[in-house]
Amino acid sequence: MNVLIVEDDALLADGLSTALRRASYGVVHAADGRTADQHLRGGEFDLVVLDLGLPDMDGLEVLRALRQRKQPVPVLVLTARDGMDQQIESLDTGADDYMEKPFELRELQARVRALLRRGHAEIREKLRLGPLEIDPFARTARLGDAHLELTLREFEVLEALMTQAPRVVGKTRLNQRLALQAEDIGPNAVEVYVHRLRRRLDCSGVFIRTVRGVGYSIEYLE
Ligand code: CA
């Protein structure tokens with residue numbers, strides 16, 4: 001699950017990023033409206049936490065542009081204290097929820113969880129392929145009767161493949177997904193995680209096929 005935090009207050013942004021990373025979300029931070037808009041045009045996010053008062057392009061403009069592009073990603077707006085007008089306007093513009101500053105981090109985390117549950121109602125279903133079963137929301141995986149111990153990035157790659165199975169997922173796309181989890185991603189990161197996943201899936205009938213020059217697909221042979 002990847003969250004875009006749009007907040008120009010560095011201290012608050014830092015606190016939010018840390019809290020959400022600790023809860024195992026991939027976090028990208030944008031400190032102004034224009035950067036946020038660029039991220040949203042290019043990236044795949046599961047949730048946006050959006051401050052309204054921003055340099056360059058204010059939060060409502062970012063939200064309006066997002067909804068005009070018909071991007072359905074859930075948006076949690078952060079408003080000023082007593083910002084009743086802002087709250088109404090942001091809901092009218094297409095926000096899914098709002099919180100008044102200052103707020104408790106714990107409350108924000110609860111709202112984030114609720115929005116992600118709603119936004120992902122369609123993928124709350126577990127994904128299955130032969131003996132492999134993954135739960136995208138709980139971030140757990142099973143192979144037959146055994147729990148499959150995966151790192152965050154291994155899970156990210158596996159989830160991307162399972163969502164598209166048996167279609168091929170492009171290497172660039174997998175790299176982008178990994179880059180959302182951390183910035184220190186090398187050019188061969190995908191190969192490394194695919195290699196590790198193959199070892200874990202060994203002898204199960206589930207295998208990851210390399211499509212040369214394109215990417216990977218996950219398939220099952222009984
Ligand atoms: Ca602000």
Side-chain angles (χ1 to χ4, degrees), residues 1-121 123 136-137 139 152-153 156 173 175-185:
M1 301 276 181
N2 296 305
V3 180
L4 176 66
I5 296 177
V6 190
E7 172 58 71
D8 59 325
D9 177 333
L11 207 62
L12 180 55
D14 210 45
L16 288 175
S17 302
T18 307
L20 293 178
R21 283 209 176 97
R22 224 173 262 153
S24 296
Y25 301 116
V27 174
V28 173
H29 170 230
D32 63 75
R34 210 160 294 283
T35 310
D37 188 62
Q38 279 159 7
H39 277 303
L40 288 167
R41 282 168 195 271
E44 283 176 54
F45 294 95
D46 300 291
L47 178 76
V48 184
V49 177
L50 180 65
D51 180 35
L52 290 187
L54 293 168
D56 284 349
M57 183 175 173
D58 81 28
L60 278 177
E61 276 182 73
V62 174
L63 181 58
R64 204 166 286 128
L66 181 75
R67 294 311 186 216
Q68 270 165 7
R69 291 192 300 271
K70 306 254 183 278
Q71 289 181 272
V73 52
V75 176
L76 171 60
V77 159
L78 306 179
T79 69
R81 191 203 294 259
D82 302 325
M84 183 67 92
D85 292 343
Q86 283 188 328
Q87 289 155 10
I88 293 169
E89 198 177 353
S90 55
L91 290 175
D92 284 346
T93 308
D96 297 271
D97 198 1
Y98 62 84
M99 285 187 76
E100 219 175 80
K101 289 181 182 179
F103 50 79
E104 294 264 344
L105 267 183
R106 273 186 316 175
E107 194 192 343
L108 179 115
Q109 284 170 313
R111 303 269 194 112
V112 163
R113 280 196 300 273
L115 282 173
L116 285 171
R117 267 200 300 274
R118 244 200 280 162
H120 282 263
I123 65 151
F137 197 76
R139 281 188 180 266
L152 254 183
R153 294 182 195 172
E156 200 67 36
R173 193 174 162 143
N175 255 321
Q176 281 168 350
R177 265 189 96 130
L178 286 174
L180 288 173
Q181 299 293 329
E183 271 107 48
D184 58 332
I185 284 295

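Here the structure is a predicted model, which means the values were calculated and not measured. Counting convention: from 1, in listed order, for ligands and their atoms alike.
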Q: Round to 10° and report the angle made at the Ca ion (ligand 1) by O of Gly53 and OD1 of Asp8.
A: 80°

Q.
If we check side-chain contact (heavy atoms from CB on, under 4.5 Å) with Leu52, which of these qualifies: Val77, Asp58, Leu78?
A. Val77

Q) Taking the side chain from Glu7 and the backbone from Asp9, do they hold a donor-acceptor pair closer than 3.5 Å? A) yes

Q) If we ignore angles and hydrogens, is there a donor and acceptor under 3.5 Å between the side chains of Asp32 and Thr35? A) yes

Q: Not counting sequence neighbours, list each pair that qualifies as a side chain to side chain donor-acceptor pair (under 3.5 Å) and has a residue in residues 67-77.
A: Asp37-Arg69, Arg67-Asp96, Arg69-Gln71

Q: Measure from the Ca ion (ligand 1) to each N, O or S atom of Asp9 and report whether any distance is below 3.0 Å.
A: no

(Q) To make sure I understand the geometry: which N, O or S atom in Asp51 is closest to the Ca ion (ligand 1)? (A) OD2

